[in-house]
2 protein chains.
Amino acid sequence: MKGLGELERSIMDILWAQSAALTAREVGRLIADRDLAPTTVMTVLDRLTRKGFLHRTRDGRAWRYAPAASRDAYVAELMLEALDMTGDRSAALTRFAQGVSGPEAEILRRALTELEDE
Amino acid sequence: MKGLGELERSIMDILWAQSAALTAREVGRLIADRDLAPTTVMTVLDRLTRKGFLHRTRDGRAWRYAPAASRDAYVAELMLEALDMTGDRSAALTRFAQGVSGPEAEILRRALTELEDE
DNA sequence: TGCGTGCTCGACAGGTCGTAGTACTACGCT
DNA sequence: AGCGTAGTACTACGACCTGTCGAGCACGCA
């Protein structure tokens, strides 16, 4: 899948947090703390689109960008990808389970139980 | 944590598969399919050591390299790191659980159950 | 008809990674 | 005593990624 850079992730975070598709200008405004040139934002949005993390649709002259997938889907995919790296998936999964905090273990358990029911 | 490159991963794979610590020469021999210069292998081993993925100890004039952590630990850490990226860990975990294959779900369930018992 | 908005292209610097040459050192065999 | 060999450290370089922009082009409104 390929990881994201610092700025790329910031921008994805903004878009993931938003329900509507945003223009480059709007993203730039929301990321104001970094005082970036507008073209910088555009370039990164472009790259993210080319990498498949965003979809864009026309809105007049401007593009509106929206995430191609939810952040959860992305995170889950990263996790599965990491898992694919090992030969012994069972050992890695066991380790992982041990590393998850108590409440999260509970969440996982529940999710797995629901799976079972289907 | 930071990901590994192609060759770096190959070398880690070799060392992870080995129970004993290896010298650069030995690693080079095991990775023979790629016909690398000995210095290439040394350089990469060096970088991996500097990044904390390997430990090395003297053996005469040579160094012996061994993984600092097991592959499973590494994979589990990658997974936890991915998980840290999200705001809604519960959603990501649920997604993840759904993405895991049946037998693996079983393994996870068992690992979580054991956790519970402790 | 000119400014603002937005786009596309191209660029450059800094970092990482694959790949390797060079130069220096210590050791054993002849 | 001297040479070949194994091994090290240091340096390098090109490719690619990422952050960061500037230049230049297009379009619509005042």
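All values reported here derive from a predicted model rather than from experimental measurement. Per chain, numbering begins at 1; letters A, B, ... match sequence-line order. All values below come from the heavy atoms of this structure, side chains included, with hydrogens, waters and symmetry mates left out.
Within residues 18-25 of chain B, no residue has any heavy atom closer than 4.0 Å to DNA chain C.
When heavy atoms are screened at a 4.0 angstrom cut-off, A/Arg56 is found touching the sugar-phosphate backbone but no base atom. Here B/Gly28 lies out of heavy-atom contact (under 4.0 Å) with every strand.
Residues passing the side chain to side chain contact (heavy atoms under 4.5 Å, CB included) test with A/Glu77, sequence neighbours excluded: A/Met1.
One atom, CD1 of B/Ile11, and another, C1' of C/dC17, lie 12 Å apart when rounded to the nearest Å. In this structure, the CZ atom of A/Phe53 is 13 Å from the P atom of D/dC17, given to the nearest Å. Remark: C1' of C/dT16 and CZ of B/Arg50 are 12 Å apart, rounded to the nearest angstrom. The CE-P distance, from A/Met12 to D/dG19, rounds to 13 Å in whole Å. Distance, A/Leu4 CG to D/dC17 P: 13 Å, rounded to whole Å. Look at CG on A/Leu48: it is 12 Å from C1' on D/dG19, rounded to the nearest Å. Going from atom CE of A/Met42 over to atom P of D/dG19 covers 17 Å, rounded to whole Å. Rounded to an integer number of Å, the gap from B/Asp46 CG to D/dA12 P is 16 Å.
Considering B/Arg47, B/Met12, B/Arg34 in turn, B/Arg34 is the only one that fulfils the side-chain contact (heavy atoms from CB on, under 4.5 Å) rule with B/Leu7.
Ring centroid separation for the pair B/Phe96 and A/Phe96 comes in under the 6.0 Å cut-off.
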Sugar-phosphate or base contact per nucleotide [nucleotides 19-30 of chain C; S, B, -; heavy atom under 4.0 Å]: BBBB---BS---
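Residue A/Lys51 has no polar side-chain atom (N or O) positioned under 4.0 Å from OP1 or OP2 of D/dC17.
No side-chain heavy atom of B/Asp46 sits less than 4.5 Å from a side-chain heavy atom of B/Leu54. Counting only heavy atoms from C-beta outward, the side chains of A/Gln98 and B/Glu114 never approach each other to under 4.5 Å.
Note: B/Leu80 CG to A/Met79 CE = 7.0 Å, rounded to the nearest 0.5 Å. Atom CH2 of B/Trp63 is separated from atom OG1 of B/Thr49 by 9.0 Å, given to the nearest 0.5 angstrom. Distance OG1/B/Thr57 to CG/B/Asp59: 7.0 Å, rounded to 0.5 Å.
Taking a 6.0 Å sphere around CG of B/Asp35, one finds it holds 12 or fewer heavy atoms contributed by other residues, nucleotides or ligands.
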